[in-house]
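The block underneath contains the structure these notes are about, expressed in structure tokens.
Letters A, B, ... are given to chains in the order of the sequence lines, protein chains preceding strands, and every chain is numbered from 1. Every value quoted in this text rests on a predicted model; they were computed, and no experiment measured them.
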Amino acid sequence: MLSMRRDVFHAIADPNRRAIIGLLANQKLTINAVAEHFPISRPAVSRHIKILKECGLLVVRRQGRERYCEVRLDRLSEVAEWVEKSRSVWEQRFDRLDEYLSELQKKEKPHDEK
Amino acid sequence: MTKNNVAGERGKQEVFITRLFDAPRELVWQAWTDPKHFMLWWGPKDYTCPFCEMDLRVGGKYLNCMRSPKGKDYWGTGVFREIIPMERLVFTDSFADEKGNVVPATYYGMSSDFPLEMLVTVTFEDQGSKTKMTLRHTGLPAGPDSEGTHQGWSESFDKLAESLQ
């Protein structure tokens, strides 16, 4: 079985979740207050909040009788880290492609044979 | 108002590489789409590509293998989404086992933060006698509750950045 661990990519894949992150970027709100901003049902909002929690982008903190949602945006930088690793792999591939193409042409051009 | 500056940095959310190859466009295209050619360059430095199969049509699958200098195999698979000969090649990209089943990056001991499926777009353009190639590599949101599986996470990320403005 695949272990479908939640990750940052999963968190930002859904428009409602992006909107929730946007809404909470500069303020903390209760789950009810968050739900009021969305046309979707409260359970649906709760589900998105749960996913964001699992992705490490949101924490729910109790303050008195209320539970407030706060976003933790640090993990978004993982997206950028992933990009950097990926880039270096591609660059190396293309160095080889470059070498390969020039070898290929050296062979073909001067003698015109395979 | 303290704002994060991570989401706002455009262009960092995806791999975008432009390269100029001193070769005609047909040849660069062939290097990507003919397994015989592909196997001779695919993989980082000192890696080899001992296996490559492509069903080069829209919806067709490919399966390839990169072998590290230490002999560890990394299999990759995906589906061709768009094929415009000598102009544009779009395919999905996932880690796989040797049978072609998609596996998470953790299968190869890599971070679980790799998306399960990524999208690669390669374009080819003449530039005099040379060929300008661009590569765009983005993650794809996966999972039953994501909409628009064709959309890369970079686009998701851009929207998120906008929503934070």
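At least one cation-pi condition fails for A/R96 and B/W42: the charged atom is not both under 6.0 angstrom from the six-membered ring centre and inside a 45 degree cone around its axis.
A continuous path of ILVMFWY side-chain contacts below 4.5 Å connects B/M118 to B/Y107, so both sit in one hydrophobic cluster. Under the 4.5 Å side-chain heavy-atom criterion for grouping Ile, Leu, Val, Met, Phe, Trp and Tyr, B/W75 is connected to B/V120 within one hydrophobic cluster. When the side chains of ILVMFWY residues are joined at heavy-atom separations under 4.5 Å, either directly or via intervening members, B/F91 and B/Y74 end up in a single hydrophobic cluster. By the criterion of side-chain heavy atoms lying less than 4.5 angstrom apart, applied directly or through intervening Ile, Leu, Val, Met, Phe, Trp or Tyr residues, A/Y68 is not grouped with A/L58; the two fall into different hydrophobic clusters. Each of B/Y62 and A/V89 belongs to its own hydrophobic cluster when Ile, Leu, Val, Met, Phe, Trp and Tyr are linked at side-chain heavy-atom distances under 4.5 angstrom.
Residues A/R87 and B/F16 come closest through the heavy atom pair NH1-O, 3.2 Å.
Note: B/R19 CZ to A/L97 CG = 8.5 Å, rounded to the nearest 0.5 Å. Here B/I17 contributes atom CD1 and A/W90 contributes atom CH2; the two are 8.0 Å apart, rounded to the nearest 0.5 Å.
Heavy-atom distances place the side chain of B/L135, and not its backbone, under 4.5 Å from chain A. With a threshold of 4.5 angstrom between heavy atoms, B/Y47 approaches chain A through its backbone and through its side chain. With a 4.5 Å cut-off on non-hydrogen atoms, A/E91 touches chain B through its backbone and its side chain both.
Within a 6.0 Å sphere centred on CD of A/Q27, heavy atoms belonging to other residues, nucleotides or ligands number more than 12. Within 6.0 Å of CZ on A/R42 lie more than 12 heavy atoms contributed by other residues, nucleotides or ligands.
Between A/F94 and B/W41, the two ring planes are tilted [angle within 30° to 60°].
Chosen from A/Q92, A/E99, A/R93, the residue pairing most often with chain B at heavy-atom distances under 4.5 Å is A/R93.
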**Message:** Test side-chain contact (heavy atoms from CB on, under 4.5 Å) on A/L104 and B/L27; report intermediate values, then the result.
**Reply:** CA-CA 9 Å; A/L104 207 61; B/L27 208 57; 3.7 Å; yes
